[in-house]
Every structure is written in structure tokens, then in C-alpha cells.
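What follows is a short report on a single structure.
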Amino acid sequence: MAVKFSIIGGAGFRAQYYLRIAQALPDRFQVSGMVVRDENKGKEMENKWGVATYRTLEQLLENEEPDFVVVSVNVAHSLEYLLKLAERGIPALGETPPASDLHGLELLHEKLTMNGARIQIAEQYHLYPAQEARLALIQSGRLGKITEATVSISQFYHAISLMRKMLGVTFEEVKIRAMRFETQLLNGPTRGGPPTEDKLIPTNRDIAWLDFGDRLGIYDFTKDQHRSWIRSNHLSVRGERGEIFDNRVLIQQEDCQQLQLELKRINKGELENAEGYFLKGIMCGERWIYENPFAPARLYDDEIAIANCLQKMADYTMGGPSFYSLEEASQDHYLGLMIEQAILSGETLTAKPQRWAR
């Protein structure tokens with residue numbers, strides 16, 4: 001039976017991911033109404049998606065019985081909705097970042113976590129197929145103890161989330177050094193679409209070194225790199241016995257034999273294959289290291305990752321494990337804020353365990 005969830009902020013860019021996923025996977029997910037404060041926008045959404053909209057949370061809850069609610073609104077308004085849902089005992093899936101600053105993160109911990117609110121955060125980067133494949137390889141032990149991770153994929157808290165997952169760290173103390181390199185770059189695609197004018201624009205490349213004592217994280221991101229046509233994303237993980245460098249895997253086995261492997265995406269629907277076009281999974285050598293749980297739905301990687309958030313949230317509401325808690329989201333945003341502070345100050349800073357650490 002499909003899990004039912006409601007959306008607060010249903011007219012936004014991010015919220016429409018959830019609508020597309022539910023449309024593609026109706027046997028798994030059903031949208032049980034949306035809160036859209038603007039009546040005209042609400043009617044547009046009803047016509048486009050065939051989902052009921054309401055002007056307030058109270059109206060939605062009078063008419064719908066969701067298993068959980070996705071809170072997809074500006075960070076300045078999310079606390080209000082999260083508190084209302086917590087008071088009613090309704091699980092919530094919040095967005096990143098959960099608050100704008102350290103004080104806001106502390107307030108969320110005090111008012112929500114300390115009072116037993118059932119909240120998870122929709123951080124999807126570690127649930128991308130490529131990242132799940134890399135994490136599976138790390139967890140297999142074939143790389144040995146992990147000592148380094150370089151993440152050059154997305155900005156601040158998204159990248160820190162990936163870094164922590166790859167290194168296997170949680171809320172430890174970390175020393176941070178950082179710098180910013182200012183340069184020019186051709187303008188590229190934005191959320192609004194591809195570039196319409198060929199021109200150079202100012203841009204920043206931020207680099208930070210996070211020293212966890214026995215493990216090193218390196219953050220490297222150029223503004224809008226994840227959308228750029230002329231800058232590549234990169235991730236590498238180094239262990240005592242091997243490394244992952246993007247899709248290349250190098251391992252030295254216990255018998256001193258060298259392995260050179262590849263993380264290879266397997267898509268259906270290519271050439272003569274007539275099974276439909278979708279990601280089947282990712283192989284490493286002769287092993288399936290990742291299999292797409294939503295095949296044969298035609299979703300791209302970001303949608304697969306967000307669908308994974310929804311499925312894990314559904315499992316969580318039924319007594320399953322936490323998959324990305326408010327505490328984890330707070331830690332990742334806190335470290336992102338500390339990187340920014342280290343860039344501006346030019347000093348080596350120490351990020352201490354915060355009150356949400358456990």
C-alpha cells in the first residue's frame with residue numbers, strides 16, 4: 001500500500017520533486033494534499049498535478065490523514081511548521097539547512113529533539129546511486145581503514161554530509177583551515193535554465209581542510225560547480241588498502257595482488273535492449289554494488305535519491321531506523337558555517353562537539 005504524505009510549500013521548486021516522484025511511483029507514494037498559501041498558485045498546482053491544496057496547515061489536517069508531512073519552505077518559516085506538527089505527533093521530513101545559524105540550530109534541538117519530535121531531514125546527496133555504491137565498497141572493508149576523503153561536489157553542508165559518511169565520523173572535534181580563491185569563469189546553467197549570454201563572471205573557489213585527528217577531510221567547491229558545463233565534480237576516498245577516485249577503484253589484496261576496478265553504471269534501454277530506459281544499478285568488477293530500488297521508474301539520480309529519502313521516511317514513521325536526523329543535519333550545517341568563518345578569518349578554528357552531539 002502506498003505511503004501517504006503531505007507537502008507544505010507545494011508551489012516551490014524543491015517541492016515539485018516530490019510530486020514528480022509520487023507521479024512516477026504511485027504504488028509507493030501518494031500525495032495527501034499540499035499547503036500553498038497563495039490561492040492562485042494553489043489552483044495552478046491542482047490543475048497541473050491533480051492534488052488538493054489548502055491555504056493553512058490546519059485546513060490540510062482537517063481534510064487529510066498523512067503518514068508524515070514534508071516541510072519544504074524557507075528556513076525562516078520551517079520552525080513554526082515543525083513545532084505545530086510535533087505538537088500533533090505527526091512525523092516531519094524537513095529540508096536543508098534546518099536553520100540559518102548556530103542559534104537556530106540550538107533552538108531546534110531545544111524545542112524539537114529534546115521534546116521527542118519525530119523529525120528527519122531530506123539530505124539526499126549520500127543517497128545518490130554513485131554515493132551509495134561508494135559507501136557500500138567502503139563498508140565492505142576492501143579499502144581497509146578509511147583515512148582521507150576529498151569532496152568536490154556541492155556546497156558546504158551537502159559536501160560535509162558526504163565527507164562525514166565517507167570518513168565514518170559523527171560529532172567529533174575537528175580543526176579547520178580554509179581559503180578562498182577569487183577568479184573569473186564563464187557563466188553557466190542556473191536553476192532557471194541554461195546560459196543565454198557568453199560572458200565572464202566573478203566566482204569563488206573555496207578549499208578547506210578538516211582534521212579529525214586520524215582522518216582528513218578536504219572540501220573543494222567552486223560556486224555553481226555542480227551545474228557548470230566546464231567544471232567537473234570529484235570525490236575520492238583513501239583507505240589503508242585502496243582508494244576510490246571518482247569511478248576508479250584501486251585495491252591491494254592480502255596476497256599482494258593489485259586490483260584495478262571501475263564503478264560501472266548499467267542502464268537498460270541502450271542499443272538493442274528493449275526493457276525501457278532506467279538505471280539498473282552499478283557494478284564493481286563482477287559484483288553488483290548498487291541496485292536501483294525504484295527500477296524501472298524513469299527517474300534521474302537526484303530524483304532517485306529523494307525517492308530514497310521518502311522511502312526511508314516511510315520506514316521511519318513505522319518504527320524503522322533514523323536515516324538522517326536533525327542532529328546530523330545540524331552538525332553538517334554547523335561545520336559548513338565554521339568553514340565560512342575560517343575562510344573569512346584566515347585562522348585555524350576548532351569545531352567543538354555541540355549540544356546535539358550524541
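Keep in mind the model is a prediction, meaning the values are calculated, not measured. Reckoned from all heavy atoms, side chains included, excluding hydrogens, waters and symmetry mates. In what follows, residues are counted from 1 in the order of the sequence shown.
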Next on the checklist: Given 3.5 Å as the limit, does a donor-acceptor pair link the side chain of R215 with the main chain of T147, or not?
Outcome noted: no

Next on the checklist: If I compare all heavy atoms of Y54 with all of G33, which pair ends up nearest, and what's the gap?
Outcome noted: CE1-CA, 4.2 Å

Next on the checklist: I'd like to know if the side chain of R241 and the backbone of Q252 have a donor-acceptor N/O pair within less than 3.5 Å.
Outcome noted: yes

Checklist entry - Looking only at atom types and distance, does a side-chain atom of E64 sit under 3.5 Å from a main-chain N or O of S6, one as donor and one as acceptor? => result no

Checklist entry - Are M34 and F13 connected in a single hydrophobic cluster, I mean Ile/Leu/Val/Met/Phe/Trp/Tyr linked by side-chain heavy atoms less than 4.5 Å apart? => result yes

Checklist entry - Between T317 and A314, is there a donor-acceptor pair closer than 3.5 Å when you use the side chain of the first and the backbone of the second? => result yes

Next on the checklist: Checking D301 now: which residues fulfil salt bridge (charged side-chain N to carboxylate O under 4.0 Å, His left out) with it, not counting sequence neighbours?
Outcome noted: R265

Item to check | Inter-residue atom distance K352.NZ - E173.CD, 0.5 Å rounding | outcome: 4.0 Å

Checklist entry - Which value, rounded to the nearest 0.5 Å, describes the distance between I121 atom CD1 and S161 atom OG? => result 11.5 Å

Next on the checklist: Does either side chain, that of E65 or that of S32, offer a donor lying less than 3.5 Å from an acceptor on the other one?
Outcome noted: no

Next on the checklist: What verdict does the side chain to side chain donor-acceptor pair (under 3.5 Å) test give for N187 and E197, after you've listed the backbone C-alpha separation in whole Å, the side-chain angles of each residue and the deciding distance to 0.1 Å?
Outcome noted: CA-CA 8 Å; N187 65 319; E197 182 182 1; over 6 Å; no

Item to check | Taking every non-hydrogen atom, the tightest pair across I153 and F221 | outcome: O-CE1, 3.5 Å

Checklist entry - According to the salt bridge (charged side-chain N to carboxylate O under 4.0 Å, His left out) rule, which pairs have a member within residues 121-141, sequence neighbours left out? => result none

Next on the checklist: Using the salt bridge (charged side-chain N to carboxylate O under 4.0 Å, His left out) criterion, which residues pair with D220? Sequence neighbours excluded.
Outcome noted: R205

Checklist outcome for this item: For L271, the side-chain contact (heavy atoms from CB on, under 4.5 Å) test, sequence neighbours excluded, returns none

Item to check | S152 OG to I207 CD1 distance, which is reported to the nearest 0.5 Å | outcome: 8.5 Å

Next on the checklist: Looking at every heavy atom in both P195 and G188, which two are closest together, and how far apart are they?
Outcome noted: CD-C, 3.7 Å

Item to check | Listed partners of D206 passing side-chain contact (heavy atoms from CB on, under 4.5 Å), at least two apart | outcome: F156, R180, N204, Y219, I343

Next on the checklist: I'd like to check the salt bridge (charged side-chain N to carboxylate O under 4.0 Å, His left out) partners of R248; sequence neighbours left out, ordered by chain and number.
Outcome noted: none

Item to check | Cluster overlap Y324 with L93, hydrophobic side-chain contacts below 4.5 Å | outcome: yes

Item to check | Check: N47 side chain, K43 main-chain N or O, donor-acceptor pair, under 3.5 Å | outcome: yes

Next on the checklist: Could you work out, with side-chain contact (heavy atoms from CB on, under 4.5 Å) as the rule, every residue matching L102, not counting sequence neighbours?
Outcome noted: E106, Y334, Q354, W356

Item to check | Exercise: identify the closest heavy-atom pair between A307 and F29 | outcome: O-CZ, 3.7 Å

Checklist entry - Between T222 and S228, does a side chain to side chain contact (heavy atoms under 4.5 Å, CB included) hold up when you go through it step by step? => result CA-CA 9 Å; T222 299; S228 175; over 6 Å; no

Item to check | Steps toward salt bridge (Lys or Arg N to Asp or Glu O under 4.0 Å) verdict (D38, R55) | outcome: CA-CA 7 Å; D38 184 285; R55 308 289 80 79; over 6 Å; no

Item to check | Heavy-atom donor-acceptor pair, S140 side chain to L137 backbone, under 3.5 Å | outcome: yes

Item to check | side chain to side chain donor-acceptor pair (under 3.5 Å) assessment of E275 paired with N273 | outcome: CA-CA 6 Å; E275 296 177 53; N273 182 273; 2.8 Å; yes

Checklist entry - Which pairs count as side-chain hydrogen bond (donor to acceptor under 3.5 Å, both in side chains) when at least one residue sits in residues 277-298, sequence neighbours excluded? => result none

Next on the checklist: Whether the side chain of E46 engages the backbone of T53 through a donor-acceptor N/O pair (distance < 3.5 Å, no angle test) should be reported.
Outcome noted: yes

Next on the checklist: Closer than 3.5 angstrom, by distance alone: can the side chain of E270 be matched with the main-chain N or O of K268 as a donor-acceptor pair?
Outcome noted: no

Item to check | Side chains of I119 and L82 in contact at under 4.5 Å (non-hydrogen atoms) | outcome: yes

Next on the checklist: Please verify the inter-ring angle class for Y17 with Y300; under 30° counts as parallel, over 60° as perpendicular, anything in between as tilted.
Outcome noted: perpendicular

Next on the checklist: I'd like to know if W209 and L235 are part of one continuous hydrophobic network [Ile/Leu/Val/Met/Phe/Trp/Tyr, side-chain heavy atoms within less than 4.5 Å].
Outcome noted: no

Checklist outcome for this item: Hits for side-chain contact (heavy atoms from CB on, under 4.5 Å) against L349, two or more places apart or cross-chain, chain-then-number order -> M338, Q341, A342, S345, E347

Item to check | Between CG on residue L216 and NZ on residue K175, distance to nearest 0.5 Å | outcome: 13.5 Å

Next on the checklist: Quick check on the hydrophobic clustering: are L337 and L210 connected, directly or via other members, by side-chain heavy-atom contacts under 4.5 Å?
Outcome noted: no

Checklist outcome for this item: For residues 93-105, the salt bridge (charged side-chain N to carboxylate O under 4.0 Å, His left out) pairs (sequence neighbours left out) are R14-E95

Checklist entry - Rounded to the nearest 0.5 Å, how far does NE2 of H126 lie from CE of M163? => result 15.5 Å

Item to check | Residue pairs involving residues 323-337 (criterion salt bridge (charged side-chain N to carboxylate O under 4.0 Å, His left out); sequence neighbours excluded) | outcome: R164-E328, R164-D332, K165-E328, E327-R358

Item to check | Step-by-step side chain to side chain contact (heavy atoms under 4.5 Å, CB included) determination, Q120 to S322 | outcome: CA-CA 7 Å; Q120 297 288 289; S322 168; 3.1 Å; yes

Checklist entry - Under the side chain to side chain donor-acceptor pair (under 3.5 Å) criterion, do H234 and D246 qualify, and how do the steps go? => result CA-CA 6 Å; H234 164 65; D246 291 334; 2.9 Å; yes

Next on the checklist: On a heavy-atom basis, which atom in L335 and which in A351 lie closest, and how many Å separate them?
Outcome noted: CD2-CB, 3.6 Å

Item to check | K84: salt bridge (charged side-chain N to carboxylate O under 4.0 Å, His left out) partners, not counting sequence neighbours | outcome: E58, E80

Item to check | Reported CG-to-CD distance for the pair L25 and Q311, which is rounded to 0.5 angstrom | outcome: 9.0 Å

Checklist entry - Between the side chains of Q124 and D302, is a donor N or O closer than 3.5 angstrom to an acceptor N or O? => result yes

Checklist entry - So, for E172 and Q331, which heavy atoms are closest and what is the spacing to 0.1 Å? => result O-NE2, 4.3 Å

